[in-house]
Engineer: 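Dropping the structure in here first, questions after.
This is a predicted model, so every value here is computed, not measured. Below, chains carry the letters A, B, ... as their sequence lines are ordered, and counting in each starts from 1.
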Amino acid sequence: MRPAIFSVCSDPSTLPQWQWFACYLTTGKHLAFYGSFGVVLLLLAITAPAALLFGFGAAASARSHFAPLSWLGKLYIAIVRGVPDIAFFLFFVIALDQGFEWLRHEIKCPDWDQPIRQGNDFVVCPAAKLPLGTAPQWVHETYGFFLAVLTFAIVFGAFAGNVLYGAMRAVPRPQIETAEAYGMSHRQAFWRILVPQMWVYALPGLSNLWMVLIKATPLLFLLGVEDIVYWARELGGSKTARFTDYPHGDWRMWYFLVLLVFYLVFTRLSEMVLTRIMRRLSHGQATAAGEAQRRSAGGPP
Amino acid sequence: MKHLILGTALLALTAGMGAAQTVRLGTEGAYPPYNFIDDNGQVAGFERVLGDELCKRAELTCEWVTNDWDSIIPNLVSGNYDAIIAGMSITDERKQVVDFSENYTPPSPSAYMAKSADADIENGVIAAQTGTIQAAHIASTGATLLEFPSPDETVAAVQSDEADAVLADKDYLIPVVEESGGALVFVGDDLPLGGGIGMAFRKSDPELRGKFDAAIKSMKADGSLNNLIIEYLGEDSPHF
Amino acid sequence: MSCWQTVQDYGLRAIGIGERLLPRDDFTLCQQFTLIGSGMMWNIYFGLLALLAGFFLATALAVGKSSRHRLLRKPAEWFIFVFRGSPLFIQFFFAYFLFLSLKGVSPFFDAFTSAWLGALVVLFFNTAAYSGEIFYGALLSIPRGDLEAADAYGFTGWNKFRKITWPTMLRLAWPAYTNEAIFLFHATTLVFFSGFPARQQRGDALYYASYFADKTFNPFIPYPILAMYFILLTLTVVSVFGLINKRLNRHLPTERRRPLRIRPNLLR
């Protein structure tokens, strides 16, 4: 049936143990499992900047002098932080999907006369469907992944917004006052003085957030993406010889042990990199860490 | 809870059918022999073969999508795929939400399976998959229901003594019992619970349902459905 | 059926008292409020017990991690690293399967595969690790003057720890510890989504919220109800911890008392 990677794999039941495992670990299913680690990394790579963008928007609007905008920014930050994230993950994916389709429906099919909610069905005109009914499978998968990224970005955007809002307030007030004394407008002072300076104050919070984001990735499973948790459950469950060439008992514990180790290594590596960056950034800064560096280098007290 | 799109293969079964419509078939992929994921990561089993044949007869291009059982109906309803073909029994409760095709298996029994024949199925702890007719049945009896999201976890629960017995479709349990070499046995009498298995469609989509109904009728008529049932579900499984 | 009747039938459903069957059709707003609220009992049970037990282990871990003895320091460091470095979600899955296999070894582990104990143990270890790290940070930032003053007054050993070090550590750690507590309550919603099976359809608030969302195909009612309950719970935790914070800081002159600033900005 399958063009096996190793030709010996055609009849696994006769193989010695190590060969059996070599074959077992290279089945198409396992390759999909390995690929799903890539999905997790991809999610992180896309979500981190997206969440930062959301957070920046939230922090900037929370600082706004226009009251409703400021309330909106603060409300967003407060609500997302007050409610368990998992509830958002379960809620947003359906809500976003239906919201997008409804918007497209309103735009593309103004003449549609049937109700959108027919009993339990959520029915929009075919042209408004996301993705279109005729789209190939990969478009559906990408769309699902995109919804997941957006959900992550909304939730973590609020956390990032909180960090950035704090960082903006940590920039010494006289800096802005001086800028305004030099005749800069609000906007200019914000972009030229505040934003460049806030990063060093934001970095500890953001690195914490990064670790948190890594540890939130298994929730992808709840969003229906074929991620590492999905495959670990699928592969680990006991299999009978009738439906697979590789029957085995309940191995879920071992698969989840692999995931556990993966995350431990990943967070450890991140921690090491972030410490380095932090050391770099605090160099020469008028913060406690910068001061400590200067002292340990033997500078004047 | 929404589980989108777990990808599987596109399967173009249709040679030379230019304007074929793409129909997305949602299944669970964890319910052998009906549907499961094979070693290559593809949907396989009775319903895979059946679905492919039905699509061919209805002149449709079909794609397989897997989705967790507990959200398989919500995702149909919100339009993530067009039909469910996942060993789903036809029940009145589900009929309020979705429309079923003709049944493609006759009503087949559910059964209790346990480690020993004298397991307490009246008052003991019984495992079942969340959102199945079996779970609903246990909830209404004197037994204690233990819910799991996937079928193989219910069997694992019996093996690890988490539950005294599991209640599931007999066709699902038969291979498990046979492979166990006597460690697992059926307990008590079979229960006639479901009204046969059918495909589920959105209520707003009678046209598609009509096409599949016609295809199922034609497979019933020429005996090919019975052959499939015997091949995948065994000689003893009721057929038409 | 009146709403009061519903409350009587389902108010304690999450712990198995009341109607045996969950509502199947004609869902009312009242049913959703009642059942989701009933499920909150589990969230509070998990959160409260894990927090209480975790508090003591966390203190031990913090002291262990700051110890000069390798034999004390290393285990504490590893414990904290393992539980803080991996997702709680994965820990739940792994623990459940681990308990399943341990059950085969000794009947002692029989109860651990049930959510009420198994998940509680995981939450307990997890919060102990996070709080332990917080307490450790606080231990390091105790002003040296305080400790020197204690020495000068002749405090030593256990007495010094109980009367000086520990209260100061708590005072410094309290704002961060409040976040940890909020966060722990939020984390309790993962229990029934991660391996631990629900028994007799007794689950936590999220279990019932997703039950309704799946049955009614409308997420816009049950999840906001859940959110409302959790915001109430969060506010309660904040005010209780605020009171304790006040007590911890009562000896300080007013201007040095720091009001509690809440920043729940973590997630496992």
Engineer: Of all the residues in residues 151-167 of chain B, which have a heavy atom that comes within less than 4.5 Å of a heavy atom in chain A?
Structural biologist: B:Asp152, B:Glu153, B:Ala156, B:Gln159

Engineer: So which heavy atom on A:Ala241 is nearest to which on B:Glu179, and how close?
Structural biologist: N-OE1, 3.6 Å

Engineer: Side chain, backbone, both or neither: which part of A:Asp250 has a heavy atom under 4.5 Å from chain B?
Structural biologist: side chain

Engineer: Counting only N and O atoms by type, is there a donor-acceptor contact under 3.5 Å from the side chain of B:Asp39 to the main-chain atoms of A:Gly28?
Structural biologist: no

Engineer: What's the spacing between A:Lys29 NZ and B:Asn40 CG if we round to 0.5 Å?
Structural biologist: 9.5 Å

Engineer: What are the two closest non-hydrogen atoms of A:Glu234 and B:Gly29, and how far apart are they?
Structural biologist: OE1-O, 3.9 Å

Engineer: Within a 6.0 Å radius of atom CG on B:Asn227, are there more than 12 heavy atoms belonging to other residues, nucleotides or ligands?
Structural biologist: yes

Engineer: Please report the shortest heavy-atom distance between B:Thr66 and A:Glu226, naming the atom on each side.
Structural biologist: OG1-OE2, 4.0 Å

Engineer: Nearest 0.5 Å, please: how far is CZ in B:Arg24 from NE2 in A:His140?
Structural biologist: 3.5 Å

Engineer: I need the B:Asp68 CG to A:Phe221 CZ distance, nearest 0.5 Å.
Structural biologist: 5.5 Å

Engineer: How many angstroms lie between CZ in B:Phe36 and NZ in A:Lys239, if you round to the nearest 0.5 Å?
Structural biologist: 10.5 Å

Engineer: Residues two or more places apart in sequence or in another chain: which of them pass salt bridge (charged side-chain N to carboxylate O under 4.0 Å, His left out) with B:Glu231?
Structural biologist: none

